[in-house]
Protein chains: 2
Amino acid sequence: MTSYTIMVIDDEAEMRKLIRTFLEGDGYRVVEATDGVHALSILHEVRVDLCLADVMMPYMDGFLFAQEVKRTIDLPIIFLSAKGDELDKIKGLKHGDDYIVKPFLPGELLARVASVLRRSYQRKELHSALTFGPLEIDKEAHRATLNGTALSLTLKEFGILYVLAKHSGRVYSRDELLQIVWGGDHDSSVRTVDTHIKTLRLKLGDEGQKIETVWGIGYKFEV
Amino acid sequence: MTSYTIMVIDDEAEMRKLIRTFLEGDGYRVVEATDGVHALSILHEVRVDLCLADVMMPYMDGFLFAQEVKRTIDLPIIFLSAKGDELDKIKGLKHGDDYIVKPFLPGELLARVASVLRRSYQRKELHSALTFGPLEIDKEAHRATLNGTALSLTLKEFGILYVLAKHSGRVYSRDELLQIVWGGDHDSSVRTVDTHIKTLRLKLGDEGQKIETVWGIGYKFEV
DNA sequence: AAAAAAAGTGAACATTCCATGAAGTTTCCA
DNA sequence: TGGAAACTTCATGGAATGTTCACTTTTTTT
């Protein structure tokens, strides 16, 4: 990636201009939006790596905007808030997000931006959680989340889900799944897999449909 | 901290005196230095919380001084520059730094000073201690506090808590915890971890629920 | 359309794994 | 060197998970 693109969302033109100056001075590309709705429409057309969003905005405040964005893409957001704004709400920050209190120093803004970018884009490479719409599967943390809320999957359930999702599209026979998830020296019947698939689908809710039965062969994870 | 100590570095005695008057009037302690070299020697003997440094100084200009200081300690610096000085250089401000253009109003100086101090020392707290609601874990001080009162955790207990909390969400197997907390050449059984987890949960009270058992894998700290 | 094959389901049963308390061992410090 | 604190081990009961089985439903084959 040669340069990061940062979207600045603030209803005050002066503030946008100020921030643009800082950011461009440090080599970032900048796009501006006047409010959350405007920002969402831009996101459909331009690839953006980071958002700087004012908390107080007309039509859609920063938090609502964030909520809306996170539903579809994984975009880090830095909130800008005037001193005294609803700082308590900001405690609900997602991992990778940050906030800055206005007024801020140029150095602070740039430091936060650099820090969040580093965190977000390094983390993904190292961490590589699998993401399928609202479903996220994190092998390292051994955690699967649906719309951000953790699913309580058992060992075998998680194992099956991970294997299928990791190579989505590929069909795995029950025997293969037993081999991979249970280990080489298992002695379970293939029917056991069915049972786990059942509870897995149950726990996944609507997303359970992504685990497809391939008749006569086995199962696959289809996006 | 009852009062901050601020070092004023300027080759003009008049300017130093002026700034000292402002600062002391606002309750700060002040030490003076005539140039960068002088300032560095003072830093070895006096604990200083903030520097006000003129950009144009004999022997060692403000930026060179800053560069030298940052090599060893993390000290915020506010640069003083006459209008027309090399303002472009100031773009290389580190986080926590700021600058003021001379001549300035007393109020402006004090506002910048207060702002930088607030940001710097607030920020440092955030960095050194992990906070999860009423629970605070300070690796450096090797201390965990619950609602402000210190918990008396043993070495292993603290180690486990810190590792889990530091990477909250990630699951650690008992073997991993032994590896990390006990060190590479331990010979304890994995059951030992269970026992420490037990006492840890006990000492943490309600917050003990944040240490979750991941069946078949190990433990994790969940917020 | 009937039969056969494969997959889904729910509940009983079996197993694995963990929390716990008590007792034993080591380490640390006065 | 004695005692306290920290650490470790062990056995046990119980909870969470995993497995099987009999049966039903779905899909495919003939």
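Letters go in sequence order (proteins before strands), and every chain restarts at 1. A quick note: this is a predicted structure, and the numbers were derived from the prediction, not measured.
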Once you round it to whole Å, what is the distance between [atom2] of [N] and [atom1] of [X]?
X	N	atom1	atom2	value
B/Asp187	D/dT8	CG	P	9 Å
A/Asp175	C/dA6	CG	C1'	14 Å
A/Lys203	D/dG18	NZ	C1'	12 Å
A/His196	C/dT15	NE2	C1'	12 Å
B/Leu155	C/dC28	CG	P	10 Å
A/Leu177	D/dG18	CG	C1'	16 Å
B/Arg201	C/dG21	CZ	C1'	16 Å
B/Leu178	D/dC7	CG	P	13 Å

Can you establish whether the number of heavy atoms outside B/Arg143 located under 6.0 Å from its atom CZ is more than 12?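 No, because the 6.0 Å sphere around CZ of B/Arg143 holds 12 heavy atoms or fewer from other groups.
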Measuring to OP1 and OP2 of [N], would you say a side-chain N or O of [X] lies under 4.0 angstrom away?
X	N	result
A/Tyr219	C/dG8	yes
B/Trp182	D/dC7	no
A/Arg174	C/dA6	no
A/Arg191	C/dG8	no

Whichever of B/Ser152 and A/Thr154 has its nearest DNA chain D nucleotide further upstream toward 5':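 Its nearest nucleotide lies further toward 5', so the answer is B/Ser152.
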Among [options], which is the nearest nucleotide to the side chain of [X]?
X	options	answer
B/Thr192	C/dA6, D/dT9, D/dT20	D/dT9
A/Asp194	D/dG18, C/dA7, D/dC10	C/dA7
B/Ser189	C/dC18, C/dT9, D/dT9	D/dT9
B/Lys156	D/dT20, D/dT8, D/dT17	D/dT8
A/Trp215	C/dA6, D/dT20, D/dC7	C/dA6
A/Thr195	C/dG21, C/dA7, C/dT9	C/dT9
A/Ser188	C/dG8, C/dT9, D/dT20	D/dT20

Set out, in order, the CA-CA distance, both residues' side-chain angles and the distance that settles salt bridge (charged side-chain N to carboxylate O under 4.0 Å, His left out) for B/Arg174 and B/Asp194, then state yes or no. CA-CA 8 Å; B/Arg174 292 169 178 75; B/Asp194 296 35; 2.7 Å; yes
Which comes earlier along DNA chain C counting from the 5' end, the contact point of B/Lys198 or that of A/Ile197, where each point is its nearest nucleotide?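 Nearer the 5' end of the strand: A/Ile197.
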Using the six-membered ring wherever Trp is involved, compare the ring planes of A/His167 and A/Tyr172 and label them parallel, tilted or perpendicular (cut-offs 30° and 60°).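 Plane angle between 30° and 60°, so tilted.
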Taking all non-hydrogen atoms of both residues into account, name the closest pair between [X] and [Y] and its distance.
X	Y	result
B/Arg170	B/Lys220	O-CB, 3.3 Å
A/Ala144	A/Leu161	CB-CD2, 4.3 Å
B/Leu146	B/Leu204	CD2-O, 3.5 Å

Could you check whether B/Val193 gets within reach of a base, just the sugar-phosphate, or nothing at all, counting any heavy atom under 4.0 Å?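 If one applies the 4.0 Å heavy-atom cut-off, B/Val193 turns out to touch nothing in the nucleic acid.
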Under 4.0 angstrom, heavy atoms only, what part of the nucleic acid is A/Leu153 near: base, sugar-phosphate, or nothing?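 Nothing, no nucleic acid heavy atom in range.
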